[in-house]
Amino acid sequence: MISPLMADVSAAKMEKIVALCKRRGFIFQSSEIYGGLNGAWDYGPLGTELKRNLKDYWWKCMTQLRDDVVGYDGSILMNAAVWKASGHVDTFSDPMVECLLTKKRFRADQIEPQSGTAYYYKGIKVPTERLPLGRAEKPFAVLVPKGKPQASADKTARQYYLGLGFLESEIIELEFDRQEAVENSTAFNPENGAQLSEPKVFNLMFKTYVGATEDDSSITYLRPETAQAMFVAFKNVLEVARKKLPFGIAQIGKAFRNEINPRNFTFRSREFEQMELEFFVKPGTGPEWLEKWKEERLAWYEAIGIPRSKIHVLTVPDADRAFYSQGTYDLEYEFPFGIQELEGIAHRGNYDLSQHAKASGKPLDYFDEEAKQKYLPEVVEPSAGVDRTVLALLCEAFAEETVRDEESGKEEMRTVLRFAPRMAPIKAGIFPLLKNKPELVAKARAVQATLRPLMKVSYDEAGSIGKRYRRLDEEGTPFGITIDFETLEGAKEGSTSAQGGRIEAGQVDTVTLRHRDSMKQERIAIADLPGYLLAAVS
RNA sequence: GCGGGUAUGGCGUAAAGGUAGCGCGCGUCCUUCCCAAGGAUGAAGUUGGAGUUCGAUUCUCCAUACCCGCACCA
């Protein structure tokens, strides 16, 4: 249970993170100057780097560091038949009905059929003349169990008309229409008997038209997940990849869902990016691979700076699982706004391949050379949200701390993003201690030129050195490199090296290396910078 | 989709039916030998639309976005 105070603290933290994201250029509202667009967000200069680092690392872990996964990059627009076969056209849209009395919403297909006596009303009359509306025609109906008096239906109807908000109870006169026996009807709310609205379809897929003519034959959809491209192309990949089971296909790309209600900053957006792996395995081995991938993915989150202790593994109960799933884990993160899903790892059986084989008429079997038999592989799918993970990185990295100035004793607030170095948008900031000393500036520029081909670095000479360090902190840059007079004139006696040893007194071309998290400084030879930094950020 | 709230430079805020101010940040210049130092100077704002009014950023209505709760999330 979250206390109201903690909820306030969390909301305040989230607001600070949103403000920081805008201030430093991580995330902006989409089309902001036109008032934005509900559920759409842009990544600014730093956010783009962060997101790219995340995707690159996933890609590297999937396709480079193991040899049983190949990459794919499917189109966003696909033949509409794909979405029919996958089940999205039929099941990704939910006909919803709404209780006219309580406004509560139900899936139309989940309403339990009711029997009883239905009372129909045409509307209400209001005898008092001082009210502007003498009567209101607004049909309504109530279902009550057989044998119950009409009075109980009247009571519900009265509540409904009162809820419309323009009348006082004592002067409402119901205009009764008729009563009727009803069997197995889904037109009434099982909880209170009130009439339900006509079903409205909420299709979560964005519909669009391919080509110039907008007729039904040209309809397709923006993909609601990247997965289907990989199932549909299974045969093609099998042909060229020369892989034996088990093997996987990995893809990163945009997907679109017309969410009813986007929420929580970028967490639920209508346009978002996925990192999905479809891992094909021998029939019967799905469950064990589900476990393996769960462990694999947990370790991965640790590697990008999200500790195991902040990830909750939810074993999705049978009732909540998608119809195709034979087992699902949700990996959830403790966001300030609640514990929410980052990644779903699902054992999809052979549902997708069998659906597409059936619908397309093209066999999608795998021929097992050892067993000398054909079969449809099972699939285990770790599917991660890029934008959600970026948000988790930001939330996890965000820290405000009080620092005391040793000399003056003055206390100040320091805002710092403690990204894991491999995720940090910029790896190092390079500064001349003073910008009005040409020798320092020239050397700093030289160091920048050395490091630039190796990693993203920044150069800054504006303001005091302390100010520049704090700027690095807010951007989450793990290293600050300062070219100072010791660089030119030789190191002082007793300098500690970042490599652990000593810098020799009088040694030139050494710089101050400042660490973001500890704010500690040490010296390092310029020649050692590339090796040291590459090791620290890869 | 329902209910509630909010909307003032990049960020955080103040004020008022009649000239919109402050702090931080940002740009330029000066100064500065290691944790948001100092000085000079500059740019930048009332979410959008309609109405009331001599005059609206302020009042009213509508729209949009964001936040909170409910519902939803194959």
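All chains are named by letter (A, B, ...) in the order of the sequence lines, taking the proteins before the strands, and each is independently numbered beginning at 1. Fair warning: this is a prediction, and the values are worked out from it, not measured in the lab.
Partners of A:R268 according to the side chain to side chain donor-acceptor pair (under 3.5 Å) rule, which considers only residues two or more places apart in sequence or in another chain, do not exist here. Every residue meeting the salt bridge (charged side-chain N to carboxylate O under 4.0 Å, His left out) condition with A:K22, not counting sequence neighbours, appears here in chain and number order: A:E32. A:P478 is linked by a side-chain contact (heavy atoms from CB on, under 4.5 Å) to A:P421, A:A424, A:R516, counting only residues two or more places apart in sequence or in another chain. A:K84 pairs by the side-chain contact (heavy atoms from CB on, under 4.5 Å) definition with A:A80, A:V89, not counting sequence neighbours. Listed by chain and number, the residues in a salt bridge (charged side-chain N to carboxylate O under 4.0 Å, His left out) with A:E504 amount to none (sequence neighbours excluded). Partners of A:Q29 according to the side chain to side chain donor-acceptor pair (under 3.5 Å) rule, which considers only residues two or more places apart in sequence or in another chain, do not exist here.
Annotation: salt bridge (Lys or Arg N to Asp or Glu O under 4.0 Å) contacts involving residues 381-398 of chain A, sequence neighbours excluded, comprise A:K51-A:D387, A:K310-A:E396, A:R348-A:E381. Screening residues 492-525 of chain A for ring-ring contact (aromatic ring centres under 6.0 Å, His included) gives A:F479-A:H515 as the qualifying pairs, with residues at least two apart or on separate chains.
Secondary-structure annotation of RNA chain B gives the stems B:1-7 with B:64-70, B:10-13 with B:21-24, B:26-30 with B:38-42, B:47-51 with B:59-63, with a stem taken as at least 3 successive Watson-Crick or G-U pairs whose two distances both fall under 3.5 Å.
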Listed pairs, N/O of protein and of nucleotides 9-13 of chain B, under 3.5 Å:
| unit_1 | atom_1 | unit_2 | atom_2 | d |
| --- | --- | --- | --- | --- |
| B:rC11 | OP1 | A:K22 | NZ | 2.6 |

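Of the residues in residues 466-483 of chain A, those with a non-hydrogen atom less than 4.0 angstrom from any atom of RNA chain B are A:G466, A:K467, A:Y469, A:R470, A:R471, A:E474, A:T482.
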With a 3.5 Å cut-off and sequence neighbours excluded, list the donor-acceptor pairs that the side chains of residues 339-346 of chain A form with protein atoms.
| unit_1 | atom_1 | unit_2 | atom_2 | d |
| --- | --- | --- | --- | --- |
| A:E341 | OE2 | A:G344 | N | 3.4 |
| A:E343 | OE1 | A:R297 | NE | 3.1 |
| A:E343 | OE1 | A:R297 | NH2 | 3.0 |
| A:E343 | OE1 | A:Y301 | OH | 2.6 |
| A:E343 | OE2 | A:R297 | NE | 2.8 |

